[in-house]
Structures are given as C-alpha cells and as structure tokens.
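Below, chain A is the first sequence line, B the second, and so on; all start at residue 1. All heavy atoms count here, side chains included; hydrogens, waters and symmetry mates do not. It should be emphasised that the depicted structure is a prediction, and the values quoted were computed from it without experimental measurement.
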2 protein chains.
Amino acid sequence: MSQASAHIIDDDEAIRDALEWQFRTRGVPCTLWPSSEAFLQAWQPNWRGCIVLDIRLEGISGLACFDILRGRHCNLPVIFITGHGDVPMAVGALKKGAFDFIEKPFNDNELVELVQRAMAHDAERQRAAADRGTVESRLATLTAREREVMELILEGKYNKVIADELAISMRTVEAHRSRVFDKMQVRSAVELAQMLATLRG
Amino acid sequence: MSQASAHIIDDDEAIRDALEWQFRTRGVPCTLWPSSEAFLQAWQPNWRGCIVLDIRLEGISGLACFDILRGRHCNLPVIFITGHGDVPMAVGALKKGAFDFIEKPFNDNELVELVQRAMAHDAERQRAAADRGTVESRLATLTAREREVMELILEGKYNKVIADELAISMRTVEAHRSRVFDKMQVRSAVELAQMLATLRG
DNA sequence: GGGCCGCTTGCGGTATTCCACAATAGCGTC
DNA sequence: GACGCTATTGTGGAATACCGCAAGCGGCCC
C-alpha cells in the first residue's frame with residue numbers, strides 16, 4: 001500500500017513551492033506536479049491521499065483532469081482552487097463528486113485543514129472498502145443454499161422454522177448454518193449480522 | 001401527520017401561478033407563498049414535502065429564510081432558484097445543507113423532477129426518523145445494567161462469558177437478557193442487532 | 001466408471017438459551 | 001413501615017444450537 005500524499009497540481013512553480021512549504025510545515029506529505037498531463041501519466045490506482053488543483057490549468061484543465069480520473073475509477077478526494085469568477089464551474093465539479101473547492105485568496109490554515117479532512121476521508125474510505133472486500137470475498141464462497149439459509153438466520157429465525165420454510169430437515173439447516181459460520185469466520189448469528197450491517201452502512 | 005406539499009415562495013405572482021400550474025399538471029401538491037415572512041409565520045414543525053424559493057426575495061431573502069428555518073430545526077429539503085450571477089450564494093447555501101439549486105432559465109421538467117426527488121427524500125427521512133424514534137424510546141426504558149448486558153450480547157458473546165466479564169452469575173445475565181428482549185420487543189439477539197443497525201445506518 | 005462436490009439426513013452428546021416461578025436485599029418514596 | 005423497583009440468584013425443565021462423525025444421492029467432470 002502506498003504512502004498517502006496530497007498531490008498538488010499547478011503550472012505556476014512559485015505557487016507549487018509555496019503550497020509545498022505550507023503543507024510540509026504542517027506535517028502534510030505532498031507531491032508536486034507541474035501539469036495535469038504529468039500527474040495523469042504517473043497516476044496509479046493504489047495511490048492514497050487527495051488531489052489539489054487549480055480549476056484553470058494550461059493544457060488539460062482541472063475539470064478535464066477530474067473527468068479523466070473519474071473515468072479511471074479514481075476515488076481520491078479532489079479539491080479545486082478557483083478564482084471568484086469560476087465558482088459556477090467549481091459547483092459543476094462538486095455535483096459530479098469533487099470533494100470541495102476553495103476560492104482565492106484563501107487563508108493558509110483553511111486549505112491545510114481542508115486537505116487534512118480530505119486525506120482522513122480517503123483513509124476511512126479505503127479502510128471501509130478493504131473491509132467490504134473481505135466480507136464480499138467470504139460471501140462469494142457460499143453456495144446458493146447456504147445463502148438462503150443465511151438470509152433466514154439474519155431474520156432471527158430458529159433452525160426449526162427455517163427447516164419448515166425451506167422444506168428440509170432441521171439437521172440440514174444445522175449443517176448449512178455451521179458451514180456458513182465457518183466460511184464467514186464468525187461464531188454466532190449476531191456477529192454475522194453485525195458484519196453484514198457494515199457492508200450495508 | 002400533515003399532507004406533503006411543495007411550498008413555493010416567490011414575490012412575483014405570475015411566477016407563482018406558472019409554477020403552480022406546472023406542478024399541478026404533474027400531480028405535485030403545492031402551496032404558494034408571496035414572501036418569506038408569510039411562509040415563516042405559517043410554518044409548523046410537522047410539515048412535510050419541500051421548499052422551493054428564489055434566492056433573491058424582497059424583504060427576508062431566500063438565504064435568510066433558510067437560515068431561520070435551520071435555526072428552527074426545520075429539515076424540509078430546500079431548493080433555491082437562482083440567476084446565473086447568484087451561483088456563489090447558492091453554493092454557500094448548499095454547503096449549509098440546502099438540498100439543491102437550479103439556475104434560471106430552466107426546463108420545466110427539470111424543476112418538477114428535482115422537487116419530486118426532494119419530496120421523496122423528505123418522505124424517506126421522516127420514515128427513518130420515526131423508526132429511530134421508536135427504537136430510541138424503547139432503549140430509553142432500559143436500566144443501566146440492562147444496557148451493559150445488551151452491549152455484550154450485541155458483541156455476540158455467550159451469557160456465560162458476559163457473566164464472567166460483569167462478575168455476576170449466568171442466571172442474572174439470563175434475567176437481564178430476557179427483560180432487554182421484552183422491552184425492545186424482539187425475540188432474538190439477531191433481531192436486536194438488525195434493529196440497532198438501522199439506528200446507526 | 002470413478003472421483004468430487006453439494007445437498008441432504010441421521011446419530012449421540014454437550015452447551016446454551018428460553019421459560020416460568022420464586023426469593024432476598026438495597027434504595028427511594030410515600 | 002409499606003410499597004415499588006432494580007439487581008441478583010436459584011430451581012426445574014424444555015427448546016434450541018453446536019460439535020463431530022457418518023453416509024446416501026444426484027449431477028458434473030475427467
């Protein structure tokens with residue numbers, strides 16, 4: 001898993017350096033990119049952190065870059081830096097899923113705090129996605145019948161009732177139940193319910 | 001429980017009438033208000049539906065009206081109608097929790113569909129709030145000890161283990177467990193877990 | 001034809017939960 | 001002092017869940 005970083009994309013070197021200094025003095029790891037093209041060429045799906053970019057960039061614009069990233073299923077939070085006149089553009093990006101935007105001129109702390117929130121958001125999203133992946137891969141090992149039995153277990157029904165509903169014996173339900181618990185790596189129906197609740201939440 | 005309605009606030013009578021005609025032909029119940037003041041004076045906490053208002057109104061502005069409503073803990077979805085130049089103001093409202101905004105000039109269908117989504121959102125929110133209320137009122141009947149036992153049950157632990165952890169007998173845990181199930185109106189730990197998961201979700 | 005898998009069912013036994021009833025002690029209120 | 005509530009613990013018994021082992025049947029694949 002790669003180290004999290006705030007990726008700063010700006011075609012103005014002075015601005016990049018100023019932002020880097022600011023972030024580093026606050027302990028925020030960052031990586032500088034002189035253009036959307038440079039960033040897009042380097043980007044890897046396993047990157048973590050967030051992206052900070054000016055909405056108006058030479059070459060591929062900030063918005064176009066955002067669209068391309070979304071097309072690549074990149075979920076990194078994206079923060080746009082905009083001028084006052086570009087707020088409608090930024091709003092369009094927000095509606096498309098950008099994390100936030102910040103208008104020039106802005107307070108230094110304001111941007112750093114926004115970036116910190118974005119990176120925390122990304123860390124939490126990745127953790128939650130990893131959990132879901134684990135649970136989903138376990139669910140995938142269940143046979144169709146096991147899934148049926150599991151759903152009824154999750155409704156709080158006794159094995160006897162499940163047996164009646166599926167027109168099988170209680171012993172069969174016991175056997176399925178035991179295998180479901182083994183495959184899902186839980187020891188009780190309550191643990192199973194809690195695990196699947198995090199999948200839905 | 002009151003009937004859901006789309007509350008339209010505009011100081012221009014012709015616009016109010018045009019919107020009403022549009023909504024009614026699409027089967028959307030609506031109520032017209034000539035000013036923020038009129039609406040705020042009439043507003044009741046049990047109202048359902050949504051609010052559609054121009055961001056620039058004479059007297060109390062749309063934004064000010066929104067702030068006042070939020071101050072009164074009104075959760076009705078709010079949709080702002082804005083001119084192109086007012087988008088930054090609308091964005092501020094979005095960040096404060098407004099449901100959405102729509103820029104003039106807009107397609108008739110666009111607004112009606114947005115209002116329908118807002119009303120569906122409100123209906124779902126009210127339903128979820130009612131459920132939470134029911135569950136929370138049941139939780140409130142539990143004694144401190146019952147809550148303690150319940151938390152451990154929700155971790156999937158056996159009565160025997162709970163007894164060891166709380167330094168009480170298993171029979172005491174059984175008694176508490178039984179009363180928790182009675183008060184929460186469930187018949188199993190799984191049902192309880194599912195019920196409380198909807199509280200968190 | 002044989003092996004594997006999934007589904008099914010059974011046995012015997014242990015552990016846990018549920019149900020009903022009963023009782024004591026401490027605390028707070030009337 | 002009596003009453004009500006909560007916490008606690010116990011008895012007896014029934015129902016349910018869990019565990020390990022065993023086995024047959026049908027379908028699919030090699």
*If you take atom types as modelled and just measure distance, does the side chain of R171(A) reach the base of dG20(D) with a donor-acceptor pair under 3.5 Å?*
no

*Is any NZ, NE, NH1 or NH2 atom of the basic residue among R24(B) and E20(B) found under 4.0 Å from an Asp or Glu carboxylate oxygen of the other?*
yes

*Please tell me which of the listed nucleotides, dG6(C), dT16(D), dT17(C), lies nearest to the side chain of Y158(B)?*
dT17(C)

*Mind calculating the distance between NE2 (H176(B)) and C1' (dT8(D)) to the nearest angstrom?*
7 Å

Donor-acceptor list for residues 33-42 of chain A side chains, cut-off 3.5 Å, not counting sequence neighbours:
from	atom 1	to	atom 2	distance (Å)
W33(A)	NE1	H7(A)	ND1	3.0
S35(A)	OG	A38(A)	N	3.0
S36(A)	OG	I60(A)	O	3.0
E37(A)	OE2	I60(A)	N	3.1

*Starting at the 5' end of DNA chain C, which residue's closest nucleotide do you reach first, N159(B) or R145(A)?*
R145(A)

_Tell me whether the count of non-hydrogen atoms from other residues, nucleotides or ligands lying under 6.0 Å of CZ in R26(A) goes above 12._
yes

_the helix from dG1(C)-dC30(D) to dC30(C)-dG1(D): angle between end helix axes, five pairs per end, rounded to 10 degrees_ = 30°

*More 5' along DNA chain C: M170(B) or T143(A), using each one's nearest nucleotide?*
T143(A)

_E174(A) side chain, from C-beta outward: closest of dT9(D), dC19(D), dG10(C)_ = dC19(D)

_Side-chain N or O of T172(B) versus OP1/OP2 of dA7(D): is the shortest distance under 4.0 Å?_
no

*Quick one: I162(B) CD1 to dT17(C) C1', roughly how many Å, whole number?*
11 Å

*Within this structure, what is the CG-to-C1' distance between D182(B) and dA20(C), rounded to whole angstrom?*
12 Å

*May I ask you to say whether R125(A) pairs ionically with D122(A), meaning some side-chain N is under 4.0 Å from a carboxylate O?*
yes

*Answer yes or no: is there an ion pair linking R177(B) with E174(B), defined by an N-O contact shorter than 4.0 Å?*
no

*asked:* Rounded to whole Å, how long is the line connecting atom CE of M150(A) with atom P of dG6(C)?
replied: 16 Å

*Between dT14(C) (P) and K160(B) (NZ): distance, integer Å*: 16 Å

*Which of these nucleotides, dT8(C), dC18(C), dG10(D), is closest to any side-chain atom of S169(B)?*
dG10(D)

*Heavy-atom distance under 4.5 Å between the side chains of F99(A) and I51(A), does that happen here?*
no

*Evaluate the side-chain proximity of E165(A) to V173(A): yes if any heavy-atom separation is below 4.5 Å, no if none is.*
no

